[in-house]
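First up is the structure itself, then whatever we jot down about it.
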Amino acid sequence: MAAVAQCVRGALRPRLPLLSVALRTSPRLLCAATQQKNTGQNLEEDQNQSQNEQKVEPSSAEKLLAEEKAKLEEQLKEVTDKYKRALADAENIRQRSQKLVEEAKLYGIQSFCKDLLEVADILEKATESVPKEEIKDDNPHLKSLYEGLVMTEVQIQKVFKKHGLLRLNPVGAKFDPYEHEALFHAPVEGQEPGTIALVSKIGYKLHGRTLRPALVGVVKDA
């Protein structure tokens, strides 16, 4: 047994310096490992922080972009509304201008027609003043003159009608203050009050607008 123990001690003796060296160097190794671990933790924390910052920064940028987008959309809406209003105003102006042009074409001859009405009135009075019993074949000059006046009156009425000028001879019609001018009111038997019993002067309308009201006598209650 003693021999066996001696052999074991002999085998272990050469390895003791190695164990002692390992023990002496192990604190340094432990320190280096600890530092590496701490460095790895710090790097991981830095990476997590940078990732968080990267996550925060895009959200702020998105918020700014959203605000800028909202401002641009609001500006676009305002510009669109102004554009639509400008178009509507331009269309209204165009329609009013077109209406004025059309009215100028229709009623530009208004003053000229008023002057011609006096001529028509004279022709009418001239034909009415000729005694019908005097219009005979044995009086050819008077007959020719009368027929010429009648033909002229008919022709001038055709010209008036062609240009939208129509006569107003409202005997028996209801009195209309926009078309008639009452000279007097008198009771007339057998006629309804408010109707026109007598036309003293023929009226005229130009394209539906009263150019000269008819001078009339109106029936009133007895």
Would you check, one step at a time, whether the test salt bridge (Lys or Arg N to Asp or Glu O under 4.0 Å) holds for Glu74 with Lys77? CA-CA 5 Å; Glu74 185 66 23; Lys77 183 179 179 181; 5.5 Å; no
Test Glu153 against Gln157 for side chain to side chain donor-acceptor pair (under 3.5 Å), laying out the working first. CA-CA 6 Å; Glu153 186 179 5; Gln157 291 299 327; 5.4 Å; no
CD (Glu189) with more than 12 external heavy atoms under 6.0 Å: no
Any side-chain heavy atom of Lys136 within less than 4.5 Å of one from Asp138? yes
Counting N and O atoms only, with roles assigned by atom type, does the side chain of Ser144 sit under 3.5 Å from a partner on the main chain of His141, one being a donor and the other an acceptor? no
For the CG atom of Leu106 and the NE2 atom of His207, what is their distance to the nearest 0.5 Å? 4.5 Å
Same cluster or not: Phe184 versus Ile196, using hydrophobic residues (I, L, V, M, F, W, Y) connected whenever any side-chain heavy atoms lie under 4.5 Å apart? no
Just how far is it from atom CD1 of Ile122 to atom OG1 of Thr127, taken to the nearest 0.5 Å? 12.0 Å
Joint hydrophobic cluster, Leu183 plus Leu198, side-chain heavy atoms closer than 4.5 Å: yes
Using a strict 4.0 Å threshold on nitrogen-to-oxygen distance, state whether Arg94 and Glu91 make a salt bridge. yes
For residues Val219 and Ala197, report the shortest heavy-atom separation together with the two atoms involved. CG2-CB, 3.6 Å
Mind checking whether Arg212 and Lys201 have side chains closer than 4.5 Å, heavy atoms only? yes
Between Thr210 (side chain only) and Tyr178 (backbone N and O only), is there a donor and an acceptor less than 3.5 Å apart? yes
Interatomic spacing from CD1 in Ile109 to CG in Asp115 - rounded to 0.5 Å: 12.0 Å
CA sep, side-chain torsions, deciding dist, call: Val159, Leu116, side chain to side chain contact (heavy atoms under 4.5 Å, CB included): CA-CA 11 Å; Val159 174; Leu116 286 180; 6.0 Å; no
Roughly how far, to the nearest 0.5 Å, is NZ of Lys71 from NZ of Lys69? 15.5 Å
Can you tell me how far the CD atom of Glu192 sits from the CG atom of Asp221, to the nearest 0.5 Å? 9.5 Å
Phe175 with Val199, same ILVMFWY side-chain cluster at under 4.5 Å: yes
Counting neighbours of NZ on Lys132 that are heavy atoms of other residues, nucleotides or ligands and sit closer than 6.0 Å, is the number greater than 12? yes
Checking the side chain of Asn139 only, and the main-chain atoms of Ile135 only, is there a donor and an acceptor separated by less than 3.5 Å? no
Heavy atoms, side chains only, cut-off 4.5 Å: are Ser97 and Ile93 in contact? yes
Could you see if Val218 belongs to whatever hydrophobic cluster contains Val188? Use Ile, Leu, Val, Met, Phe, Trp, Tyr and a side-chain cutoff under 4.5 Å. no
Does the pair Lys114 and Leu211 meet the rule for a side chain to side chain contact (heavy atoms under 4.5 Å, CB included), with working shown? CA-CA 8 Å; Lys114 282 185 177 180; Leu211 181 64; 3.5 Å; yes
Tell me if the NZ atom of Lys174 is crowded by more than 12 foreign heavy atoms within 6.0 Å. yes
Return the SG to CG distance between Cys113 and Leu165, rounded to the nearest 0.5 Å. 5.0 Å
Might you work through the side chain to side chain contact (heavy atoms under 4.5 Å, CB included) test for Phe160 and Leu117, ending with a clear yes or no? CA-CA 9 Å; Phe160 285 171; Leu117 294 183; 4.0 Å; yes
Donor-acceptor check, side chain of His180 to backbone of Gly217, threshold 3.5 angstrom: yes or no? no
Among Ile, Leu, Val, Met, Phe, Trp and Tyr joined by side-chain contacts under 4.5 Å, find the other residues sharing a cluster with Leu87 and list them by chain and number. Tyr83
For a quick test of reading the model, state the closest non-hydrogen atom pair linking Ala214 to Pro170 and the distance between them. CB-CD, 4.1 Å
What one should report as the nearest heavy-atom pair of Lys220 and Pro193 is C-CB, 4.1 Å
Could you see if Leu215 belongs to whatever hydrophobic cluster contains Leu168? Use Ile, Leu, Val, Met, Phe, Trp, Tyr and a side-chain cutoff under 4.5 Å. no
